[in-house]
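Small disclaimer: the values here were computed from a predicted structure and weren't measured. Whatever order the structure lists ligands and atoms in, that order sets their numbers, starting from 1. The analysis underlying the following values was restricted to heavy atoms, covering all of them including side chains, and did not include hydrogens, waters or symmetry mates.
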Amino acid sequence: MSEKQIYGFETLQIRAGYCPEKHNYASTVPIYQTASFNIGDTDRLKRLKSREEHGFLYTRSGNPTLDILEKRITALEGGTGALAVASGMAAVAYSLLNVAEGGGEIIAVYSIYAGSYNLLKHTLPKLGIKVKWIDDSYDVESFRRAVTNNTKGIFIETIGNPLINLLDIKAIADVAHENDVPLIVDNTFATPYLLKPFDFGADVVVYSSTKAIGGHGSTLGGLIVENNNFNWNNGKFPHFTEPDYKVENKNLIEVFPNIPFTTRIRLHYLSEFGAVLSPFDAFLILEGFESLSVRVEREVKNTQIIVDYLVNHPQVSWVSYPTVHDKRNCNNNQLAEKYFPRGAGSVFSFGFKGEQENINKFLNSLKIFSFLVNVGDSKSLITQPSQTTHSSLKEEDKAKSGAFENALRVSVGLEYVDDLISDLDQAFKKSVE
Ligand SMILES: *Cc1c(COP(=O)(O)O)cnc(C)c1O
């Protein structure tokens, strides 16, 4: 399909990046399950090396099935290029390293995915990368105050986890750009259907495609997308412009003017650290992609119905979801109107009124909801972050992240919503027996 014409999201999620006529007219994207590609002859090798001809050599640096997935997310985001990697964590880690390698600083908020939190809290500092933490993600001025001469990027999630806090992406992007650093956004919970971070100034968007993009909890995957609005040649990122041994000691930005960010990750971090997505997994993610908008739309609808049920439930002390109008959610109400006109996703958390013993009985009594750590599945899921995803955090950091002791996080799926409510209802009753 030609990407020049402007198509709607629903068309792109099914068609973008794939031309059947170039693949023996196969209707479904073929799985190029191969480690390596024949070079053909030495003349072709010359053409490949000089980039006169685009081709594949070895799946760690590129594969046609992955290439289609990369083109699809690029089209959906309105970017210039993308890179598929083996997991969301590889996407986050490679993106942060690509800006801050060599001792840079990152500004980050507390309420983020626990894997990203641990990366920023423990592992990146050991590699010499400093992190400035933002306590209150609603306070845009605190981002401004955290900037130093050595800041290399601001990292946020569009829907914080598990606090379910929204952020003023445009205002934070302005802070980043005033200081010549990029805004890197993890848009996993929102999906490109509900929010396109590039529209609000993001420079790099990352996804765990394990979640709603894949949509069926069947495989891990990660995506990194760029739109090339950011000037990597501004003096703060010399590693983008110094002679690069992967491109005949040329300047990477000159060789790949539209896709310097993802190409640098492909040539260095993916090729050398090696978190490659398998072609089969890329296929599963592409299959998931085809129904993304339809699934998300229904999940948002189901979520609102369940949230309305919980808000009035006597065994629930609070519900954190941007459409709930109370003191806890007031900062999110306006942000939701600006950034999430189609709904604020299918993940929310709520406070369980009762002791841990009651929470255990509740979780053990659920018959439909799966008790597990994942989100964005067609199946409805529930977990207690303080005991699972966020259990390694110190108590005060758990609170800052929103992993309160009594908080349960729910990811709403596609089952019949009345059945989901009945399931919660019977489990609440059993929790106090
Ligand atoms: C799951 C998740 C990740 C990590 O993705 P994996 O595919 O599990 O490595 C990163 N960010 C967010 C917001 C996530 O939900």
Looking at atom 8 (O) of ligand 1, what's its closest protein heavy atom, distance included? Y113 OH, 3.8 Å
Please state which protein non-hydrogen atom is closest to atom 12 (C) of ligand 1 and give its distance, to 0.1 Å? D186 OD2, 3.4 Å
Proximal atoms of ligand 1 relative to T210 (non-hydrogen, under 4.0 Å): 6 (P), 7 (O)
In terms of ring plane angle, is the pair Y32 and H23 parallel, tilted or perpendicular, where the classes change at 30° and 60°? perpendicular
Pairing of D377 and K379 as salt bridge, 4.0 angstrom limit: yes
Report, in ascending order of atom number, the atoms of ligand 1 lying under 4.0 Å from any heavy atom of G221. 7 (O)
Are any of the N/O atoms on N161, whether in the backbone or the side chain, positioned under 3.5 angstrom from an N/O atom of ligand 1? no
Answer yes if the ring centres of H268 and Y245 are under 6.0 angstrom apart, and no otherwise. yes
Considering both backbone and side-chain atoms of S116, is one of its nitrogen or oxygen atoms within less than 3.5 Å of a nitrogen or oxygen in ligand 1? no
Would you call R264 and E226 a salt bridge, using N to O less than 4.0 angstrom? no
One finds that the ligand 1 atoms under 4.0 Å from a non-hydrogen atom of S208 are 1 (C), 2 (C), 3 (C), 4 (C), 5 (O), 6 (P), 7 (O)
If you have a sec, work out which protein heavy atom is nearest atom 6 (P) of ligand 1 and how many Å separate them, to one decimal? G88 N, 3.3 Å
Are the aromatic rings of F428 and F352 close, with centres under 6.0 Å apart? yes
Can the ring centroids of F230 and F237 be said to lie less than 6.0 angstrom from one another? yes
Note the single closest protein heavy atom to atom 14 (C) of ligand 1, along with its residue, its atom name and the distance in Å. K211 NZ, 3.0 Å
Quick check: closest heavy atoms across T80 and I259, and the distance to 0.1 Å? O-CG2, 3.4 Å
When you measure from atom 9 (O) of ligand 1 to every protein heavy atom, which one gives the shortest distance, and what is it? M89 N, 2.9 Å
